[in-house]
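A note on names: the letters A, B, ... follow the listed sequences, proteins ahead of strands, and every chain is numbered from 1.
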Protein chains: 2
Amino acid sequence: MSAQVPLSRDRVLETAVALADEGGVAALTIRALAARLGVKPMSLYHHVPNKEAILDGIVDAVFAEIELPPEGPDWRAALSRRAHSARAVLARHPWATAVLESRAHPGPATLRHHDAVLGVLKRGGFPYALAAHAYSLLDSYVYGFALTEAALPFAPQDVEEAVGELLEGFPAGEYPHLVEFTEHHVLRPGYEYGAEFGYGLELILDGLAARLAEAGR
Amino acid sequence: MSAQVPLSRDRVLETAVALADEGGVAALTIRALAARLGVKPMSLYHHVPNKEAILDGIVDAVFAEIELPPEGPDWRAALSRRAHSARAVLARHPWATAVLESRAHPGPATLRHHDAVLGVLKRGGFPYALAAHAYSLLDSYVYGFALTEAALPFAPQDVEEAVGELLEGFPAGEYPHLVEFTEHHVLRPGYEYGAEFGYGLELILDGLAARLAEAGR
DNA sequence: ACCTGAACACCGTTCAAGT
DNA sequence: ACCTGAACACCGTTCAAGT
């Protein structure tokens with residue numbers, strides 16, 4: 001209610017993340033943020049230059065939640081761990097992946113991450129070119145998976161209902177493979193989209209390991 | 001100026017895509033859209049129920065630009081072709097990938113695509129589970145790469161300048177691997193982020209081919 | 001049927017004024 | 001120094017009125 005705890009950049013960003021988590025990025029308005037902080041809209045401008053800076057800040061705050069890869073010699077375990085952590089964090093903040101696109105100003109947590117991953121690749125013996133391939137591939141996969149997962153029009157427990165509705169709306173015979181695949185696989189017990197993440201990640205890591213072995217010969 | 005060509009849903013969506021291409025999704029407002037169409041804001045509501053529908057519509061319009069995979073028996077060539085086409089289209093409309101996230105209503109072009117890709121996998125002999133893995137992996141990769149590419153804070157020809165500025169802003173010694181990697185690889189002539197796409201795609205297709213061969217044994 | 005003017009409840013942000 | 005009231009130039013959308 002009252003601003004007993006004084007306002008600060010950190011408290012603004014923390015609350016901004018909470019608002020976005022609850023209602024998506026559209027719910028994150030300066031005015032709503034001020035109300036949640038028990039303060040008038042204009043007060044925020046003493047701690048943050050404008051809304052762009054808030055968006056930059058919360059993206060970096062989300063990055064800070066991702067585990068830095070462990071420093072050990074096992075590049076594969078380190079990258080796998082980091083990828084799983086990134087996916088979990090981005091799933092907790094479904095708005096974050098899309099907001100990344102518009103951010104041209106990487107923050108310190110983001111840069112620290114890039115640095116740590118490049119360190120892992122270097123210690124793993126990746127030549128520069130292969131390190132570039134590996135980084136691009138892994139990051140694209142993780143972000144893309146997070147984006148796809150965030151776009152799923154249903155919570156995992158509601159697949160059946162949501163997919164059923166979708167199928168009913170199809171013109172008969174228009175999407176035969178989609179219907180067949182949905183009925184024979186997606187709606188079968190045991191299918192869960194989230195489980196695809198690990199499969200794809202392992203395939204990519206296998207591929208990188210093979211390329212690295214070739215490069216070392 | 002005057003609405004000689006009568007307004008229509010298609011003309012609204014076409015213009016909406018143009019506005020987003022020019023100024024990002026933030027530049028796509030009902031009012032700007034009406035102005036561009038030489039009409040008053042309220043007129044749009046006779047052809048489109050609201051802004052959400054416009055966003056659904058332009059995402060589907062972008063999907064319609066992606067080449068459907070060819071019908072031939074070569075699954076690998078078909079998927080590669082489709083992936084390259086998708087990446088090119090998403091690069092032409094850098095706002096589109098992020099907008100995907102918020103769209104729970106896939107349009108007909110989107111569904112036709114999913115159907116066609118599943119058809120390719122089926123004719124290629126992919127069991128349902130492997131088809132699911134393949135679809136998730138490829139789509140995540142393509143979207144993630146498009147997102148990363150759209151987030152690059154510079155046009156390809158300005159790498160040197162933009163990256164130079166970024167590096168100068170770093171606290172000394174804070175990001176050693178990032179600095180080393182940038183100087184020894186990113187800033188070297190011949191490096192271009194866009195070229196990473198093909199490498200990653202081939203690695204994924206190699207992996208899928210190996211899994212498919214195993215499944216067939 | 002299609003277009004529109006006025007109005008409503010919102011935005012982010014500036015500026016001058018308070019403590 | 002930090003907070004704020006009033007104001008400005010925007011949003012998307014409803015509703016009643018025009019042709």
| query | When the distance from CG of B/L33 to P of C/dT4 is rounded to whole Å, what number comes out? | reply | 14 Å

| query | Looking only at atom types and distance, does a side-chain atom of A/D21 sit under 3.5 Å from a main-chain N or O of A/G24, one as donor and one as acceptor? | reply | no

| remark: In terms of heavy-atom contacts, B/R9 and B/G57 come closest through NH2-CA, 4.4 Å

| query | How close or far is atom P of D/dT14 from atom CG of B/L44, stated in whole angstroms? | reply | 13 Å

| message | Regarding B/Y135 and A/E196, do their side chains bring together a donor and an acceptor under 3.5 Å, going by distance alone? | response | no

| query | Separation of B/R9 atom CZ from C/dC2 atom C1', in whole Å? | reply | 18 Å

| Shortest side-chain distance from A/T29, nucleotide among C/dC3, C/dG12, D/dG12 | C/dG12

| Of the nucleotides D/dT4, D/dG12, C/dG12, which has the atom closest to the A/R31 side chain? | C/dG12

| Considering only side-chain heavy atoms of A/H47, which listed nucleotide, D/dC3, C/dG12, C/dC3, is closest? | D/dC3

| Do B/F197 and B/H84 have ring centroids that are under 6.0 Å from one another? | yes

| task | Would you write the dot-bracket representation of DNA chain C, where each base gets (, ), [, ], | or . depending on whether it forms a Watson-Crick or G-U pair under 3.5 Å and with which partner? | result | ||.|||||...|||||.||

| note | Atom CD1 of B/I30 and atom P of D/dT14 are separated, to the nearest Å, by 11 Å

| note | Considering only heavy side-chain atoms of B/M42, the closest of D/dC11, D/dT14, C/dT13 is D/dT14

| task | For B/K51 and C/dC11, give me the distance from atom NZ to atom C1', rounded to whole Å. | result | 12 Å

| request: Using whole Å, report how far CG of B/L28 lies from P of D/dC10. | output: 17 Å

| query | The side chain of A/K40 lies closest to which of these nucleotides: D/dT4, C/dT13, D/dT13? | reply | D/dT4

| field | Closest listed nucleotide, where the reference is the side chain of A/L7 and the choices are D/dC3, C/dG12, C/dG5 | value | D/dC3

| remark: 5'-most contact on DNA chain D (nearest-nucleotide basis), B/H46 vs B/N50, goes to B/N50

| query | Whole Å only: how far is the CG atom of B/L55 from the C1' atom of D/dG12? | reply | 12 Å

| task | Look only at the side chain of B/N50 and the backbone of B/A53, and say whether a donor-acceptor pair between them is shorter than 3.5 Å. | result | yes

| note | Closest non-hydrogen atoms of A/A150 and A/P94, given as atom of the first, atom of the second and distance, are CB-O, 3.6 Å

| remark: Rounded to whole Å, the OH-C1' distance (A/Y45 to D/dC2) equals 16 Å

| Considering only heavy atoms from C-beta outward, does the side chain of B/E202 approach that of B/L205 to under 4.5 Å? | yes

